[in-house]
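Letters A, B, ... mirror the listed sequences (proteins, then strands); counts begin at 1.
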There are 2 protein chains.
Amino acid sequence: MATGRTHRPATRSRGIPEATVARLPLYLRALTALSERSVPTVSSEELAAAAGVNSAKLRKDFSYLGSYGTRGVGYDVEYLVYQISRELGLTQDWPVVIVGIGNLGAALANYGGFASRGFRVAALIDADPAMAGKPVAGIAVQHTDELEHIIESNGVSIGVIATPAGAAQQVCDRLVAAGVTSILNFAPTVLTVPDGVDVRKVDLSIELQILAFHEQRKAGEETPEAGAPATSGRAAAVAAAAEAAAAADRKGPDGDVPAVMPA
Amino acid sequence: MATGRTHRPATRSRGIPEATVARLPLYLRALTALSERSVPTVSSEELAAAAGVNSAKLRKDFSYLGSYGTRGVGYDVEYLVYQISRELGLTQDWPVVIVGIGNLGAALANYGGFASRGFRVAALIDADPAMAGKPVAGIAVQHTDELEHIIESNGVSIGVIATPAGAAQQVCDRLVAAGVTSILNFAPTVLTVPDGVDVRKVDLSIELQILAFHEQRKAGEETPEAGAPATSGRAAAVAAAAEAAAAADRKGPDGDVPAVMPA
DNA sequence: CCATCTTTGTGCACGCGTTCACAAAGACAT
DNA sequence: ATGTCTTTGTGAACGCGTGCACAAAGATGG
């Protein structure tokens, strides 16, 4: 794979699978913990255990970055921390704006994990005039009117949307128009963006619903074996049928997301 | 599945792919919005657009649940809302406890999207004695000592961990020991749980890092990779060490709950 | 310098998920 | 009733990700 044996940290970013990219932060965190304990090297087996993944997967992931390990020894922790950080782009400073300073926005602003990873909260923006000037996490909240100015003068390319669902698309459009090309969306909406703009979504409600699905399955299947698929779940279906009416009155309070949090 | 052509709408719960389960909440949200607008039916094409997915994928997803559509017409919105809700287990009430009432925990407690989806916040739990009794989102915070009692007396099976990373595993262990079998983890730690317990992780820092990766790639596509003098691994190691030190500096200006979610 | 031992890097196969493309099913008009 | 038209449901092919298993690489000890 590697052209020659050069330890040249060439940016072969073209060939890194998305699934691998998603795991790099995981490895980085485990490596950072090792680094703090002054551990010089780790084997793929140890690091995989710390990151909660398969060791073969970890080795394959690292192979996409280059040959940074030493056979018979393992990986140099400090060196690997740097390589992954560089690959993820964390060796440079990323100014970030957070739009929507409700409960969640404030939590994000107070989140210490940003600064330690190369992310810097450049501004907090809210549509409520009463919020303007109020300090949150040591930063004065600015009004939405300033959005374009803030983005451009700070060279912000990453935006976080923590507004109610109804305002998300509009905020998104303004962010993109002002130059933002990556968006982390906490609002429970499908954002439409032009090509070249990345959107990632974090949705608490969805995660809970997935858990509920598995929880229901656990409760409904006392039999450890998956046999009798035709009859299994029948009892649950009957029980659920009684709840049909309850499901029907979904209208009321669900109208629009009251809080700032995703639905 | 191909054997025989029984048109029974039986819940073939055993055969629903995980990827499909993860999308069901997405469909449900889009359908709920349609329901509120009193739209009677939708085609797979329309619904897919609203949910931001491919229409073929949507149809295949629904096919795992049964044949709930009408050819030439589409899907009955209300009926589908019920079917998906039932499949996800949202027709029943799920008491949930939130452990760690810092910035994020408070945001979660205030999140209105829970109640409307069958989730009910049964209790808020925090280790800080000063928090005990303080109302958050209309619910009095209880001390960690009460954890087991709360879980058992309320029959809680889903727990949300929003504590600092250092406390997460311990809290997790106690939750599991008390009977919780599904955990939504916001702490940046790999939780170890016994078989039969589901854990889902939400990690803000990871999402941002993935965005940074793509952002960096975008920026580096035209220009020949800014900076990063190759072979300077040693100097970089110093930088990495500095980062480690910064990471260790978890104490924020907010003495209350400085690191609800350290990275 | 050679043998042995450890651990990486990866070729390969398998399974899951996605997408295409189309026949079957039903609505609707005549 | 019959034909036409719309849209579902799904067989089949494809591609990606995962995990196994092992040869190559290098450290270590004699």
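- B:Arg71 contributes no side-chain N or O that forms a donor-acceptor pair with the base of D:dT7 under 3.5 Å.
- For the pair B:Tyr75 and D:dG9, the criterion of a side-chain N or O lying under 4.0 Å from OP1 or OP2 is met.
- A side chain to side chain contact (heavy atoms under 4.5 Å, CB included) with B:Gln169 holds for exactly one of B:Thr192, B:Val193, B:Thr189; it is B:Thr192.
- Taking the six-membered ring where the residue is Trp, the centroids of A:Tyr79 and A:Tyr68 are separated by under 6.0 Å.
- Mapping A:Gly72 and B:Val73 onto DNA chain D by nearest heavy atom places B:Val73 closer to the 5' end of the strand.
- Two residues are said to be in side-chain contact when any heavy atoms from C-beta on lie closer than 4.5 Å; B:Leu47 and B:Phe62 meet this criterion.
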Show the distances under 3.5 angstrom between N or O atoms of the protein and N or O atoms of nucleotides 17-19 of chain C.
{"unit_1": "C:dT18", "atom_1": "OP1", "unit_2": "B:Arg23", "atom_2": "NH1", "d": "2.8"}
{"unit_1": "C:dT18", "atom_1": "OP2", "unit_2": "B:Arg23", "atom_2": "NH1", "d": "3.3"}
{"unit_1": "C:dT18", "atom_1": "OP2", "unit_2": "B:Arg23", "atom_2": "NH2", "d": "2.8"}
{"unit_1": "C:dT19", "atom_1": "OP2", "unit_2": "B:Lys57", "atom_2": "NZ", "d": "3.3"}
{"unit_1": "C:dT19", "atom_1": "O4", "unit_2": "B:Lys60", "atom_2": "NZ", "d": "3.2"}

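- Of the residues in residues 37-45 of chain A, those lying under 4.0 Å from DNA chain C by heavy-atom distance are A:Ser43, A:Ser44.
- Here the OH atom belonging to A:Tyr27 is positioned 10.5 Å from the CG atom belonging to A:Leu80, to the nearest 0.5 angstrom.
- Remark: P of C:dT8 and CG of A:Asp76 are 13 Å apart, rounded to the nearest angstrom.
- A distance of 4.0 Å separates NZ in B:Lys218 from OG1 in A:Thr181, rounded to the nearest 0.5 Å.
- Spacing between atom CZ of A:Phe62 and atom C1' of D:dG17 amounts to 17 Å, rounded to whole angstrom units.
- Contact check for A:Leu28 versus A:Val81: side-chain heavy atoms found under the 4.5 Å cut-off.
- Within the 4.5 Å cutoff, the side chain of A:Gln83 has no heavy atoms near those of the A:Leu65 side chain.
- Judged by distance alone, with hydrogens and angles left aside, the side-chain atoms of A:Gln216 form a donor-acceptor pair with the main-chain N or O of B:Arg86 at under 3.5 Å.
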Could you walk me through whether B:Glu18 and A:Ile210 pass the side chain to side chain contact (heavy atoms under 4.5 Å, CB included) test, one step at a time?
CA-CA 9 Å; B:Glu18 193 57 33; A:Ile210 294 172; 3.9 Å; yes

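- In this structure, the CZ atom of A:Arg59 is 10 Å from the P atom of D:dC20, given to the nearest Å.
- In this entry the distance linking CD of A:Glu46 with P of C:dT7 reads 8 Å, nearest Å.
- If you measure from atom CG of B:Leu65 to atom C1' of D:dT10, you get 15 Å, rounded to the nearest angstrom.
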